[in-house]
Amino acid sequence: MKNIVILISGRGSNMQAIVEAAIPGARIAAVISNRPDAAGLAWAAERGIATVALDHKQYASREAFDEALAAAIDSHDAHLVVLAGFMRILTPAFTQRYEGRMLNIHPSLLPAFTGLHTHQRAIEAGCKLAGCTVHFVTAELDHGPIAAQAAVPVLDDDTEATLSARVLVEEHRLYPAVVKAFVEDRIRIEGLRVSIHNE
Ligand code: GRF
């Protein structure tokens, strides 16, 4: 059984998709949020999943917060750390500790549009395709090895809201599929290139 710890900051719809996928061989050991009022935390607690609120504002430095976060993750014996809308920049020591076993989902077709407001920026840039990326986390924000991507069309009348809703449907499909592949040990990383072997 592989223990998965999911980190969130908000509504947690990707966390829900991963929980609801009920991946054989995987146990959602805990959901941790840096925001005690994150809606996703209540959702997980209602389902009997261990939840932890670690308010980053209570820590004197980014390093101190990341150390507490790592202690919480390790106390659940995590094989895989899943960032699902976790809105904190992580220290290099933290990303190194979970190298090759920490995933993130980013709402753009990386390497385009790292950072925030990805959908609005894709619309303004005139992109015909937008999408999402699941990648392994490294010290450089939104730059780690890409595990999987999904693309959707950008329509003429799209707004940030309509495009993000279309991408979110793909996020909820893509992320559980990559987590499942990790749990089944079907993922290989070589430099920036990731291959996922068939089931
Ligand atoms: C998603 O769009 C994800 O790609 C981004 O933050 C959002 C989180 O949404 N990293 P949710 O909390 O999973 O609903």
Side-chain angles (χ1 to χ4, degrees), residues 4-23 26 28 30-47 49 51-56 69 73 80-90 94-95 98 102-125 127 129-154 158-182 194:
I4 299 175
V5 171
I6 306 179
L7 308 190
I8 64 169
S9 296
R11 71 186 159 180
S13 70
N14 278 287
M15 175 269 297
Q16 286 186 31
I18 292 164
V19 170
E20 285 171 347
I23 297 163
I28 309 302
V31 174
I32 303 176
S33 173
N34 65 308
R35 294 189 180 278
D37 59 351
L41 217 49
W43 186 92
E46 280 164 19
R47 277 148 191 86
I49 298 169
T51 57
V52 182
L54 274 184
D55 186 351
H56 62 273
L69 186 58
I73 292 168
L80 175 66
V81 180
V82 170
L83 309 187
F86 186 65
M87 303 301 284
R88 295 289 302 165
I89 291 175
L90 298 164
F94 186 89
T95 57
Y98 301 105
M102 180 157 61
L103 291 167
N104 181 44
I105 188 156
H106 182 77
S108 79
L109 294 172
L110 290 173
F113 308 121
T114 59
L116 298 174
H117 310 297
T118 53
H119 303 303
Q120 187 60 36
R121 287 158 64 206
I123 291 169
E124 284 170 10
C127 295
L129 290 172
C132 55
T133 302
V134 176
H135 65 94
F136 285 93
V137 177
T138 58
E140 200 181 347
L141 186 71
D142 301 332
H143 273 87
I146 292 172
Q149 294 183 303
V152 302
V154 180
D158 260 337
T159 62
E160 186 172 19
T162 59
L163 180 56
S164 69
R166 192 175 308 119
V167 172
L168 198 61
V169 172
E170 295 303 313
E171 293 186 33
H172 295 164
R173 185 186 60 75
L174 194 69
Y175 214 175
V178 175
V179 171
K180 183 169 189 284
F182 185 94
V194 177

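Whatever order the structure lists ligands and atoms in, that order sets their numbers, starting from 1.
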Criterion side chain to side chain donor-acceptor pair (under 3.5 Å) on Ser13 and His172, from CA distance to verdict: CA-CA 8 Å; Ser13 70; His172 295 164; 2.8 Å; yes
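The shortest contact between atom 8 (C) of ligand 1 and any protein heavy atom is with Gly85 CA, 3.6 Å. Regarding atom 9 (O) of ligand 1, its nearest protein heavy-atom neighbour is Arg11 NH2, 3.4 Å.
By the criterion of a heavy-atom distance under 4.0 Å, the side chain of Glu171, and not its backbone, is placed next to ligand 1.
Among Gly12, Gly10, Pro107, the residue whose heavy atom lies closest to atom 12 (O) of ligand 1 is Gly12.
His106 and Thr118 share no side-chain donor-acceptor pair at under 3.5 Å.
A salt bridge is absent between Glu124 and Arg121: the closest approach of a Lys/Arg side-chain nitrogen to an acidic carboxylate oxygen does not fall below 4.0 angstrom.
At least one heavy atom of Ile105 lies less than 4.0 angstrom from ligand 1.
With Ser9 contributing its side chain and Met87 its backbone, the two residues share a donor-acceptor pair below 3.5 Å.
Residue Ser13 places at least one N or O, backbone or side chain, under 3.5 Å from an N or O of ligand 1.
In this structure, NE2 in His56 is found 5.5 Å from CG in Asn34, a value given to the nearest 0.5 Å.
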